A.B. asks: 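Pasting a structure here, questions to come.
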Amino acid sequence: MGLTSHKMLALTVLIAVVVMGGTVWLWPRLARKTWQAVIGRIGALLVTQLAVLSALGLVANNYFAFYSSWDDLLGTGDTGPVVIHNKADASGRLLVETIGHASVKGGGAMGREPGQSGEIRKVRIDGAVSRLSTEGYVYLPPQYFQPEYAHKQFPAVIVSTGFPGIAENLITRFNYPGAALKLLQEGRMQPTVMVLMRPSPALPQDTECEDIPNGPQSDTYFTKDVPAAIQASFRVSSDPQAWAFMGNSTGGYCALKLAMRHPDVFPTAVALSAYYDAADDPTTGDLFGGSKQRRDEANLIWRLKNLPQPNVSLLLAGTKKGDGDYRRETEAFVDAARSPMNVSYSMLENGGHNFETWSALLPSSLEWLSQHLRVPNPTA
C-alpha cells in the first residue's frame, strides 16, 4: 500500500485503536509489582504511543503532502540526476514531456473543455545544462486554446511549493489553477501559463535552489533549463518581463533569491511566508562547499547590504503574528531595500506557516503578479 493511500491510513488508525483498547483491557493484569508486570506496562505504553504517533504522522503527511511515497520518506528512490531523453526542437532545446492530465476544479471552472477552464498537464522537465529532471504540472489558461489567441504568446510564472512538499500540493492544497481562473474571469489577472514545481530537483536533498559545488545545480536548472524547456514547448514569451517566480516557504526563498541573482531571467517574484537565509540542516548538507562567501551571498538581507541591488519587483506576503520571526525579518528586508529594487508587502494580522494562510494570501498576490508581467507587442 502506498504511503498516502486511504487504505494505509485506515489500517494504521485501526491498529492504533486496537492497541489502545488492548492496553486498557490488559492494564489491570499488568498492575502487579513483579518485574514482568513492570516490563509489560512499559511495553504496552511504548507500543500504544508508537501506534498513535504513526497514525497522527500519516494524517499530517496526507494533509500537508510532505512525502508522496515510501521512496520519498526513506530516500530510496532514484531521484538524482538523470540522462536526458526528451525530444528537442529544431534549435536543440529540450521539449517538455507530457505524462498525464488533471482537471481544473473550483474557482471559476466551467467545464471540461480546455477553452472554458484551461488545462492542467502533468509533465517531466529535463534540464539540458544541469542534467537534472523533475516532474511538475503546467496550467494553460482557457485563452491558450481559443482561436482568437492562436498566435498570442503568454506570460509565464514558475511556482514552487515548500520543502519537502510536492508539486501536487499547488493543485490540491492551493488550487493555483482555480484561483487564477477565477481572477481571470473577474478581470483581475491576465491569461498566464503556470509551471507548478517542487523546490528541489534532486530529492531527498533540499538544495535551496543552489548550484552546489560538486553536486546538483539547482540554480541553473530553474534559471536556464526550465525556462528554455517551457519556451520550446508552449506559446510563452521569451522576454524576461513576461516571466516571474513565485513560491511559499522554501519556494518563496527560492523566488526571492533567484530574482535577486538573475534579474535578467525573473525580474518579478512573489514570496509567501518566505525565509531570507538558506536552511542548514541534515536535509541540505553542505550547500556551499565550505565557502563563507557563498554562504553570505545566500543570505538575502546580507546581499541587500553588501551587493548592488538589482532592478526587480518583489512582493513579500505573510502574517504579523503566528509565524515565528517572519514579521521582524521581513521588516529588516524591506528597510534594507533601495532603488532600483521595488519591494511591496502585504500581511495578514494572524496566521501560521500553513496552507490556510497561504491560500488567503493567494488571490491578492496573483493579482499583483499579473500587474507586473509584460508581454511585448511583437509588432512594436
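If you're wondering where the values come from, they're calculated on a predicted model, not measured in any experiment.
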A.B. asks: Do Thr319 and Thr357 have a side chain donor and acceptor closer than 3.5 Å?
C.D. replies: no
A.B. asks: Using ring centroids (six-membered ring only for Trp), state whether Phe174 and Phe355 fall under 6.0 Å.
C.D. replies: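 Ring centres of Phe174 and Phe355 closer than 6.0 Å.
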A.B. asks: If I take atom OG1 from residue Thr161 and atom CG from residue Asn169, how far apart are they, to the nearest 0.5 angstrom?
C.D. replies: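 Atom-to-atom, Thr161:OG1 and Asn169:CG are 4.5 Å apart.
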A.B. asks: Can you tell me if NZ on Lys321 sees more than 12 non-hydrogen neighbours from other groups inside 6.0 Å?
C.D. replies: no
A.B. asks: Is the Lys NZ or Arg CZ of Lys152 less than 6.0 Å from the centre of Phe154's six-membered ring, within 45° of the axis?
C.D. replies: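 Yes, a cation-pi geometry.
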A.B. asks: For the CG atom of Leu362 and the NZ atom of Lys182, what is their distance to the nearest 0.5 Å?
C.D. replies: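 With rounding to 0.5 Å, CG (Leu362) is 11.5 Å from NZ (Lys182).
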A.B. asks: Quick one: CG on Asn354 to CZ on Arg173, what's the gap to the nearest 0.5 Å?
C.D. replies: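 The CZ atom of Arg173 is 11.5 Å from CG of Asn354, to the nearest 0.5 Å.
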A.B. asks: To the nearest 0.5 Å, what is the distance between OH on Tyr137 and CD1 on Ile120?
C.D. replies: 8.5 Å
A.B. asks: Would you compute the distance between atom CD of Glu367 and atom CG of Leu183 and round it to the nearest 0.5 angstrom?
C.D. replies: 6.5 Å
A.B. asks: Would a 4.5 Å heavy-atom cut-off, applied to side chains only, mark Leu315 and His372 as touching?
C.D. replies: no
A.B. asks: Side chain to side chain donor-acceptor pair (under 3.5 Å) with Ser218: which of Asp225, Thr207, Thr223, Asp211?
C.D. replies: Thr207
A.B. asks: In the hydrophobic clustering that connects Ile, Leu, Val, Met, Phe, Trp and Tyr at side-chain heavy-atom distances below 4.5 Å, which members other than Phe333 occupy its cluster, ordered by chain and number?
C.D. replies: Tyr253, Leu256, Met260, Tyr275, Tyr276, Leu300, Ile301, Leu304, Val312, Leu314, Leu316, Tyr326, Val334, Met341, Val343, Tyr345, Met347
A.B. asks: Nearest 0.5 Å, what's the NE2-CG distance between His262 and Asp219?
C.D. replies: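 Interatomic distance, His262 NE2 to Asp219 CG, rounded to 0.5 Å: 3.5 Å.
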